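The structure under discussion appears below in the form of structure tokens.
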Protein chains: 2
Amino acid sequence: MKNFSRQREAVLSVIRSTDTHPTADWIYEEARKIIPNISLGTVYRNLTELKNSGDIISIDVGDGKEHFDRDISPHLHLSCKNCGKITDVALLDDPFKNYYGKAGFIPENCRYVISGICEACKL
Amino acid sequence: MKNFSRQREAVLSVIRSTDTHPTADWIYEEARKIIPNISLGTVYRNLTELKNSGDIISIDVGDGKEHFDRDISPHLHLSCKNCGKITDVALLDDPFKNYYGKAGFIPENCRYVISGICEACKL
DNA sequence: AATAAAACAGTAATCATTACTGATTTCAAA
DNA sequence: TTTGAAATCAGTAATGATTACTGTTTTATT
């Protein structure tokens, strides 16, 4: 197990407690329930560290905020423009493997996001 | 042909003049070469309109700025963390069709981005 | 032309994120 | 254990991309 600071453990445990793709602000509020005086800057710094270490990823769904994700495997995100819900879709394997392989590209972070209208909202 | 204002035409023509996935600021600077006193707010408003009308799309590559793209077909973006270059990879067809079809999702905007190291930077 | 609606230029405000500062904690070597 | 350098922290200030506002100009319709 990695030797993380108490603050970094708190941030990571908050992200791992949910599948809702939280924002930095939400993570901050939750982390304060564990460490009441944790600072927002600390949350941001540790989010960056956790991204760099590959423990989490982040995605952009077009609302101007960064959303974090405990699931680091390549998967698809369906983001509803109406209700804001983000749905994960597991992939059997990365459908783009052949494409970036051919281009000689070394992937580090895959973000596959489709915005649209979810089944519950389309009526 | 749609009846666009002079300013919206200028913004669209700037985007269509390049395959470099420009930011709002770059588009603003270029648009000023066509309409010297065009305002940044006008550029932003028309970028939003052009996105809503489906004439352009935008992607996020993790640098905190929105990047615009004249190519509205589903395609893959390879974004180099080292040199910042964004490479388009054409797709024969959308590899996620089966996935969101099953979920009953109506797609409007597909953003497939992989960050990593491009061939030229890997040495 | 007269009118209303839409789009504009210019500027001010917003707000997510980053940078900074001085204090605290960690931890390896003595 | 002390010691001291490096890392991390809390708290706050600054940044900067984007959005909102205001009063003016353009456009479209009668």
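Values below: every heavy atom of this structure, side chains too, minus hydrogens, waters and symmetry copies. Lettering follows sequence order; numbering is per chain, from 1. Quantities reported herein were computed from a predicted structural model and do not represent experimental measurements.
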Taking atom [atom2] of [N] as reference, at what distance in whole Å does atom [atom1] of [X] sit?
| X | N | atom1 | atom2 | answer |
| --- | --- | --- | --- | --- |
| B:Tyr28 | D:dG16 | OH | C1' | 15 Å |
| A:Arg45 | D:dA10 | CZ | C1' | 9 Å |
| B:Leu47 | D:dA17 | CG | C1' | 13 Å |
| A:Asp60 | D:dT18 | CG | C1' | 13 Å |
| B:Asp63 | D:dG16 | CG | P | 14 Å |
| B:Ile27 | D:dT18 | CD1 | C1' | 13 Å |

Does a side-chain heavy-atom distance below 4.5 Å link A:Asp71 with A:Arg16? no

Within-4.5 Å side-chain heavy-atom neighbours: A:Leu12 and A:Phe4: yes

Pairwise ring pair (Phe, Tyr, Trp, His ring centres under 6.0 Å) hits with a residue in residues 74-95 of chain A, at least two apart: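 Sorted pair list: A:His21-A:His77, A:His75-A:His77.
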
To the nearest 0.5 Å, what is the distance between [atom1] on [X] and [atom2] on [Y]?
| X | Y | atom1 | atom2 | value |
| --- | --- | --- | --- | --- |
| A:Leu47 | A:Ile56 | CG | CD1 | 5.0 Å |
| A:Arg70 | A:Ile15 | CZ | CD1 | 10.5 Å |
| B:Asp60 | B:Ser79 | CG | OG | 9.0 Å |
| B:Cys80 | B:Ile86 | SG | CD1 | 10.5 Å |
| A:Asn109 | B:Ser115 | CG | OG | 5.5 Å |

Degree of bending, the helix from C:dA1-D:dT30 to C:dA30-D:dT1 (end axes from five pairs; round to 10°): 30°

Please list every donor-acceptor pair under 3.5 Å in which a side-chain atom of residues 24-37 of chain A meets a protein atom from a residue at least two apart or in another chain.
unit_1	atom_1	unit_2	atom_2	d
A:Glu30	OE2	A:Lys33	NZ	2.9

Tabulated below should be each protein N or O lying under 3.5 Å from an N or O of nucleotides 24-28 of chain D; please produce it.
unit_1	atom_1	unit_2	atom_2	d
D:dA28	OP1	B:Asn3	ND2	2.7

Nearest-nucleotide comparison on DNA chain D, the residue closer to the 5′ end among B:Gly64 and A:Ser5: A:Ser5

Report the hydrophobic cluster partners of B:Ile106, with the cluster defined as I, L, V, M, F, W, Y residues connected by side-chain heavy atoms closer than 4.5 angstrom, directly or transitively. A:Ile117

Apart from B:Leu76 itself, what residues make up its hydrophobic cluster, given side-chain heavy atom links below 4.5 Å?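 So far as hydrophobic clustering goes, B:Leu76 is joined with A:Leu76, A:Leu78, A:Val89, A:Leu91, A:Leu92, A:Phe96, A:Tyr99, A:Tyr100, A:Phe105, A:Tyr112, A:Ile114, B:Leu78, B:Val89, B:Leu91, B:Leu92, B:Phe96, B:Tyr99, B:Tyr100, B:Phe105, B:Tyr112, B:Ile114.
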
Stretch residues 31-41 of chain A: residues that reach within less than 4.0 Å of DNA chain D through a heavy atom: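 Per residue number, the list reads A:Asn37, A:Ile38, A:Ser39.
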
Contact list for DNA chain D against residues 11-24 of chain A - heavy-atom distance below 4.0 Å: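 Hits under 4.0 Å, by residue number: none.
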
With salt bridge (Lys or Arg N to Asp or Glu O under 4.0 Å) as the rule and sequence neighbours excluded, what pairs involving [range] come up?
| range | result |
| --- | --- |
| residues 88-101 of chain B | B:Asp93-B:Lys97 |
| residues 35-54 of chain B | B:Lys51-B:Glu66 |
| residues 105-122 of chain B | A:Lys81-B:Glu108 |

With a 4.0 Å cut-off on heavy atoms, is A:Asp25 in touch with a base, just the backbone sugar-phosphate, or nothing at all? nothing

So where does chain B start and stop touching DNA chain C, 5' to 3', when the test is distance under 4.0 Å to a non-hydrogen atom?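 Footprint of chain B along DNA chain C, 5' to 3': C:dA7 to C:dG10.
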
A:Phe68-A:Val14 co-clustered via ILVMFWY side chain contacts under 4.5 Å: yes

What about B:Leu50 and B:Val43, same hydrophobic cluster or not, with Ile/Leu/Val/Met/Phe/Trp/Tyr joined at side-chain heavy-atom distances under 4.5 Å?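 Per the 4.5 Å side-chain linkage, B:Leu50 and B:Val43 are co-clustered.
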
